Undergrad: 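Right, I'll just put the structure down here and ask away after.
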Amino acid sequence: MKNILTLSNISKSFDNNKVLEEISLDIEKGKIISLLGKSGSGKSTLLNIIAGFEQSDSGSLYLNNKALFDNKVFVEPNHRDIGFVFQNYALFPHMNIFENITFGIDKLPKNEKQEIANNLLKMVHLEGYEYNYPHELSGGQQQRVALIRAMALKPDLILLDEPFSGIDSMLKHKIQKELLAILKESHKTAIIVTHDANEAMAMSDKIIYLEDGKIMQYDTPANIYNNPKTKRIAKSFGIANFITKNGQEYCIRPNNCVLSNKGEYKAVILNQTFQGDKYILEIQFDKNIFTMYSKEYISEENNFLSIEWEKSNKI
């Protein structure tokens, strides 16, 4: 599949503090990419460099084989064919929804602007809202307007900075599904900044995991969960147990453990918690404490642990 965005050796420092260090990656056309990492890892800086709001100290950036930044060129943000959805949506409060959507295409004839706005509103199921104002919409509706405003310019790439940070957790899952459906239906390539690993796994074709300004892993959600490259990555994507065998350390996920009346390790059940579709068990063997899952309650007689080593990951 064709790469739409190529970054090579991107580095950035602020006041001698290195925020990004030799970032290189290729992003395929039509893919949804999450940019994940803790606060201070460099996520927003990298997004701003792609958008053109910040200038890299070195390296190059190409969109559809066109240089946006290298040692000779710097393309201003408004000429990059990139849409940006800000964390607070940045809708103009004094403009109605139609005016917000068509703000960047105001030079087009009125009938063309009307057609673009109508088609975009229909895509996000907000027909009839064109003359409402942002304060009259819910948070999820405002987010959809912010997204289609970015899409009105028909950008090659859409960047979203923490788009779910201000949304109630009860609504977040529903809005995530809506946003993902819109991006997929429009065949847009998108990069979404988040600090939530579950959010990244739910939405992404691939995840970029940043740590201290470096890409530690760039992989599919399944691979990054099942084959994390470091302990920190393993812990970021759910419960991770660690054990050393024959001098090699392994990451063991809770569903790769089995308790029965025979097994490798004699174990003691410390706690069992019912969670509807499963029990969460805390067990101890030797000096290790593991967390594991079971579909049914485990009796005290079944106190030998087996580990599915073939499904476990070497760290």
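Everything numeric here is computed off the predicted structure, so don't read it as measured data.
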Undergrad: Under a 4.5 Å cut-off applied to non-hydrogen side-chain atoms, are Pro77 and Ile82 in contact?
TA: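 No, side chains not in contact.
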
Undergrad: Is Leu5 reachable from Leu153 through a run of I, L, V, M, F, W or Y residues, each pair having side-chain heavy atoms under 4.5 Å apart?
TA: no

Undergrad: Measure the CD-OG1 distance between Glu282 and Thr291 for me, rounded to the nearest 0.5 Å.
TA: 5.5 Å

Undergrad: Report whether Leu61 and Leu159 are members of the same hydrophobic cluster (ILVMFWY, side-chain heavy atoms less than 4.5 Å apart, transitive linking).
TA: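 Both belong to a single hydrophobic cluster.
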
Undergrad: May I ask you to say whether Glu264 pairs ionically with Lys245, meaning some side-chain N is under 4.0 Å from a carboxylate O?
TA: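 The answer is yes: the pair qualifies as a salt bridge.
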
Undergrad: So which heavy atom on Met203 is nearest to which on Ile192, and how close?
TA: CE-CD1, 3.9 Å

Undergrad: So that I can tick it off, tell me whether Lys184 and Asp205 are bridged by a salt bridge, with the cut-off set at under 4.0 angstrom between side-chain N and carboxylate O.
TA: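 Yes.
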
Undergrad: Taking the side chain as every heavy atom from C-beta outward, state whether Gln142 and Leu91 have any pair of such atoms under 4.5 Å apart.
TA: yes

Undergrad: Side chain of Asn48, backbone of Ser44: donor and acceptor closer than 3.5 Å?
TA: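 A pair under 3.5 Å: yes.
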
Undergrad: Using a 4.5 Å cut-off on heavy atoms from C-beta on, say whether the side chain of Glu76 contacts that of Asn78.
TA: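 Counting from C-beta outward, Asn78 and Glu76 do come under 4.5 Å.
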
Undergrad: Quick test of your reading of the model: are Glu211 and Arg232 salt-bridged, counting only N-O distances below 4.0 Å?
TA: yes

Undergrad: Could you pull out the closest heavy-atom pair between Leu147 and Val85, with the gap in Å?
TA: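 Closest pair (atom of Leu147, atom of Val85, distance): CA-CG2, 3.9 Å.
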
Undergrad: Does NZ or CZ of Lys12 lie under 6.0 Å from the centre of the six-membered ring of Phe14, at an angle within 45° of the ring axis?
TA: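 Positive - Lys12 is close enough to the ring of Phe14 and near enough to its axis.
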
Undergrad: Between CG of Leu25 and CD1 of Ile208, what distance do you get to the nearest 0.5 Å?
TA: 4.5 Å

Undergrad: So, Asp286 side chain and Asn288 main chain: donor-acceptor pair closer than 3.5 Å or not?
TA: no

Undergrad: Main chain of Asn17, side chain of Asp15: is a donor-acceptor contact present, judged purely on distance under 3.5 Å?
TA: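 No; zero donor-acceptor contacts below 3.5 Å.
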
Undergrad: Rounded to the nearest 0.5 Å, what separation is found between the CG atom of Leu35 and the CG atom of Leu47?
TA: 6.5 Å

Undergrad: Are the ring centres of Tyr250 and Phe242 closer than 6.0 Å?
TA: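 No, the ring of Tyr250 stays outside the 6.0 Å limit from the ring of Phe242, centre to centre.
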
Undergrad: So how far is it from Glu127 CD to Asn119 CG, rounded to the nearest 0.5 Å?
TA: 10.0 Å

Undergrad: So does Glu115 have more than 12 non-hydrogen atoms from other groups sitting under 6.0 Å from CD?
TA: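 Not buried by this count: 12 neighbours or fewer within 6.0 Å.
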
Undergrad: Keeping the roles fixed (side chain from Asn100, backbone from Phe92), state whether a donor-acceptor pair exists under 3.5 Å.
TA: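 The answer is yes, because a donor-acceptor pair under 3.5 Å joins these two groups.
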
Undergrad: CG/Asp57 to NZ/Lys18 distance, rounded to the nearest 0.5 angstrom?
TA: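 The NZ atom of Lys18 is 8.5 Å from CG of Asp57, to the nearest 0.5 Å.
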
Undergrad: Parallel, tilted or perpendicular for Tyr297 and Tyr279, by the 30°/60° rule?
TA: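 The rings of Tyr297 and Tyr279 stand perpendicular, inter-plane angle above 60°.
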
Undergrad: State the CG-CD1 distance between Leu157 and Ile27, to the nearest 0.5 angstrom.
TA: 7.0 Å

Undergrad: Counting only heavy atoms not in Tyr129, do more than 12 sit closer than 6.0 Å to its OH atom?
TA: no

Undergrad: Flag the pair Gln141 / Leu126 as yes when at least one side-chain heavy-atom distance between them is below 4.5 Å, and no otherwise.
TA: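 In contact.
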
Undergrad: Would a single hydrophobic cluster contain both Ile97 and Phe103, if residues Ile, Leu, Val, Met, Phe, Trp and Tyr are joined by side-chain heavy-atom contacts under 4.5 Å?
TA: no

Undergrad: Minimum heavy-atom separation for Gly83 and Pro155, please, with both atom names.
TA: N-CB, 3.4 Å

Undergrad: Would you confirm whether the ring centroid of Phe285 sits within less than 6.0 angstrom of the ring centroid of Phe290?
TA: yes

Undergrad: Could you tell me whether a side-chain N or O of Asn256 sits under 3.5 Å from a main-chain N or O of Lys311, the two making a donor and an acceptor?
TA: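 Answer holds: yes.
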
Undergrad: The test is side-chain contact (heavy atoms from CB on, under 4.5 Å); show your working for Thr230 and Ile315 and say whether it passes.
TA: CA-CA 6 Å; Thr230 68; Ile315 295 294; 5.6 Å; no

Undergrad: Is the backbone of Leu36 close enough, under 3.5 Å, to the side chain of Ser34 for a donor and an acceptor to pair up by distance?
TA: no

Undergrad: Can a donor-acceptor pair be found, under 3.5 Å and without considering hydrogens, that links the side chain of Ser11 to the backbone of Glu21?
TA: no

Undergrad: Compute both the distance and the angle, then confirm whether Lys262 meets the cation-pi test with Phe304: under 6.0 Å from the six-membered ring centre, within 45 degrees of the axis.
TA: no

Undergrad: Let me check something: do Ile4 and Tyr218 share a hydrophobic cluster, defined by ILVMFWY side-chain heavy atoms less than 4.5 Å apart, either directly or through other members?
TA: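 In one cluster: yes.
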
Undergrad: Minimum heavy-atom separation for Asn3 and Glu28, please, with both atom names.
TA: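 Heavy atoms only, the tightest pair is OD1-CG, 3.5 Å.
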
Undergrad: Taking atom CG as the centre, does Asn65 end up with more than 12 heavy-atom neighbours from other residues, nucleotides or ligands that are less than 6.0 angstrom away?
TA: no

Undergrad: Is the closest basic N to carboxylate O distance between Glu249 and Lys231 below 4.0 Å?
TA: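 Judged by the 4.0 Å cut-off on N to carboxylate O distance, Glu249 and Lys231 do form a salt bridge.
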
Undergrad: Checking Gln248 against Lys314 for the side-chain contact (heavy atoms from CB on, under 4.5 Å) test, could you report, in this order, the C-alpha distance in whole Å, the side-chain angles of both residues, the deciding distance, and whether it holds?
TA: CA-CA 7 Å; Gln248 175 66 56; Lys314 294 180 180 179; 3.6 Å; yes

Undergrad: Are Ile101 and Leu160 linked, directly or through other ILVMFWY residues, by side chains that come within less than 4.5 angstrom of each other?
TA: yes

Undergrad: What do the steps show when you test Leu7 against Ile50 for side-chain contact (heavy atoms from CB on, under 4.5 Å), and what is the final call?
TA: CA-CA 9 Å; Leu7 290 82; Ile50 295 171; 4.1 Å; yes

Undergrad: When you measure from the side chain of Glu99 to the backbone N and O of Asn96, does any donor-acceptor pair fall under 3.5 Å?
TA: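 It does hold such a pair.
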
Undergrad: What are the two closest non-hydrogen atoms of Lys266 and Asn303, and how far apart are they?
TA: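 Taking every non-hydrogen atom into account, NZ-ND2, 3.4 Å.
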
Undergrad: For Arg80 and Ala51, which heavy atoms make the closest approach, and how far apart are they?
TA: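 Arg80 and Ala51 have their closest heavy atoms at CD-O, 3.4 Å.
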
Undergrad: Do the non-hydrogen side-chain atoms of Leu281 and Ile298 ever get within less than 4.5 Å of each other?
TA: yes

Undergrad: Less than 4.5 Å apart, any side-chain heavy atom of Met216 and any of Leu210?
TA: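 Contact flag for Met216/Leu210 side chains = no.
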
Undergrad: Go through the steps for Cys257 and Ile252 under the test side-chain contact (heavy atoms from CB on, under 4.5 Å), then give the verdict.
TA: CA-CA 8 Å; Cys257 307; Ile252 314 293; 3.6 Å; yes

Undergrad: Between Gln217 and Asn227 (side chain of the first, backbone of the second, donor and acceptor by atom type, cut-off under 3.5 Å), is there such a pair?
TA: yes

Undergrad: May I ask you to test the Tyr225-Arg253 pair for a side-chain heavy-atom distance under 4.5 Å?
TA: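 Contact flag for Tyr225/Arg253 side chains = yes.
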
Undergrad: Taking the side chain as C-beta and beyond, is there a heavy-atom pair between Phe98 and Lys113 under 4.5 Å?
TA: yes

Undergrad: Would a distance-only check, ignoring hydrogens and angles, find a side-chain to backbone donor-acceptor pair under 3.5 Å from Lys43 to Gly37?
TA: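 Confirmed, Lys43 side chain pairs with Gly37 backbone.
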
Undergrad: Hey, is NZ on Lys214 packed in by over 12 heavy atoms from elsewhere, all under 6.0 Å?
TA: no

Undergrad: Are the aromatic ring centres of Tyr62 and Phe69 under 6.0 angstrom apart?
TA: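 Not close enough - the centres of the two rings lie 6.0 Å or further apart.
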
